[in-house]
Amino acid sequence: MNLIFAKLLCLLAILVLMMLGSLIPVKITEADFDKASRSRKILALSNSFAGGVFLATCFNALLPAVREKFFDLFKMGNISTDYPLAETIMVVGFFLTVFVEQTVLTFRKEKPSFIDMETFNAGSDIGSDSELESPFISANHGHNLYEEGHSHHSHSLNIKELSSSSPVRLFSLVFALSAHSVFEGLALGLQEDGNKLLSLFIGVVIHETLVAVALGVSMAKVNIHLKDAVKMAVLVSTMIPIGIVLGMAIASAQNMASSIASALLQGIAGGTFLFVTFFEILVKELEEKNDRLLKVLFLVLGYTVLAVLVLFKW
């Protein structure tokens, strides 16, 4: 299959799945405790599976691709070095993502009405061992996307209020909180290997669909108008397609500058995958008391599926 066509299919699939994930809960969510409990467990296990998928995507797909890119660049420039540049760039990408997230949280502390970070993470906070607030998790301990709102303290902006914000403010807030999604899209758009593209796509689509569902349930909880829900869903769902288009544009240049940019951006994207795996998924899911061993099983299963998938030529 033509690689450009495959990337466009990935773009379309991610856009559609995220839109559906965001909007369907707005239409069908009901106040049913048993149903909510089952949904929480399914989302938590799916999120753990996605963590394993992201782990394999980072170390079995992205890292080898970045190493190969730098090897080719060094060969073209007659440079000989044993320095682990690919790994270093990946760690730089990790630190960059941490910096962006912490910058957002700094503004969040100064302006208590800032958007709830929990909206952009799938999963649950029920059963957490820690009473201390993690800087990467919503401040609303004991609060859940599927619960009635009984939070004792909140630093978040009501979804209704956010959706009625001016377009510029809304886009800036969503972009700040979804910045890593653009790098995930870049990783897809820059790929030149069909096998790695498929592995990346599976990892990204699982995680981001769960994120979209979490957002959709948050909007459903506050009975947001469908028009405002569509506005939020479109903004969140277009972050990865934006990254894919940018990556495709860079990859199409076919010159030394584009090759360097591609290697650097794929390395940074790898750091983003590390951040999402350890700070958005694992720290959240493994902090809870419920189904810990089952979550570890799904984590290993997610890794195994992608690690095996990389072996096959498509």
Open item on the list: Determine whether F59 and L274 satisfy the following criterion, side chain to side chain contact (heavy atoms under 4.5 Å, CB included), listing intermediate values before the conclusion.
Closed with: CA-CA 9 Å; F59 290 107; L274 276 179; 3.7 Å; yes
Task: side chain to side chain contact (heavy atoms under 4.5 Å, CB included) evaluation trace for L306 with N60 - done: CA-CA 8 Å; L306 253 291; N60 293 52; over 6 Å; no
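At least one side-chain heavy atom of F201 sits less than 4.5 Å from a side-chain heavy atom of I14. When side chains are defined from C-beta on, M256 counts as touching L73, because their heavy atoms get closer than 4.5 Å. Within the 4.5 Å cutoff, the side chain of F273 has no heavy atoms near those of the L55 side chain. Proximity of L12 to V16: side-chain heavy atoms (C-beta onward) are separated by under 4.5 Å at one or more points.
In this structure, CG on L197 lies 8.5 Å from CD1 on I244, to the nearest 0.5 angstrom. The structure places CE of M248 at 11.0 Å from CG of L188, a figure rounded to the nearest 0.5 Å. Separation of atoms OH (Y303) and OG1 (T277) is listed at 11.5 Å; rounding is to 0.5 Å. One distance of note links CZ of R292 with CG of L286; it measures 8.0 Å at 0.5 Å rounding. To the nearest 0.5 Å, atoms CD (Q266) and CG (L190) are separated by 5.0 Å. Between the OG1 atom of T238 and the CE atom of M19 there is a distance of 9.0 Å, given to the nearest 0.5 Å.
Heavy-atom minimum distance, I202 versus L309: CD1-CD2, 3.1 Å. Of all heavy-atom pairs spanning L62 and G270, the tightest one is CD1-CA, 3.6 Å. Among all heavy-atom pairs drawn from S237 and A233, the shortest one is OG-O, 2.6 Å. Annotation for A263 and V66: closest pair O-CG1, 3.9 Å, computed over non-hydrogen atoms. Scanning both residues, L282 and L299, for their nearest heavy atoms gives CD2-CD1, 3.5 Å. Scanning both residues, M239 and S181, for their nearest heavy atoms gives CB-CB, 3.8 Å.
Between the side chain of T209 and the main chain of I206, no donor-acceptor pair closer than 3.5 Å is present. Not one N or O on the side chain of D291 forms a donor-acceptor pair closer than 3.5 Å with the backbone of L294. Without hydrogens or angle criteria, K7 side chain to G189 main chain gives a donor-acceptor distance under 3.5 Å. Although no hydrogens or angles enter the test, the distance criterion places no donor-acceptor pair under 3.5 Å between the side chain of K69 and the main chain of I260.
Between the side chains of T97 and T272, at least one donor N or O sits under 3.5 Å from an acceptor N or O.
Linking ILVMFWY side-chain heavy atoms closer than 4.5 Å, directly or via other members, places V283 and L293 in two distinct hydrophobic clusters. Linking ILVMFWY residues whenever their side-chain heavy atoms come closer than 4.5 Å, directly or via other members, leaves V92 and V276 in distinct clusters.
Residue I79 qualifies as enclosed at atom CD1: its count of foreign heavy atoms under 6.0 Å is above 12.
With sequence neighbours excluded, the residues satisfying side-chain contact (heavy atoms from CB on, under 4.5 Å) with E68 are D72. Evaluation of the side-chain contact (heavy atoms from CB on, under 4.5 Å) rule for S46 yields I42, L210 as partners, not counting sequence neighbours.
Between E87 and R67 there is a salt bridge, since at least one side-chain N of the basic residue sits less than 4.0 Å from a carboxylate O of the acidic one.
Residue pairs meeting the ring-ring contact (aromatic ring centres under 6.0 Å, His included) criterion with at least one partner in residues 68-99, sequence neighbours excluded, are F94-F279.
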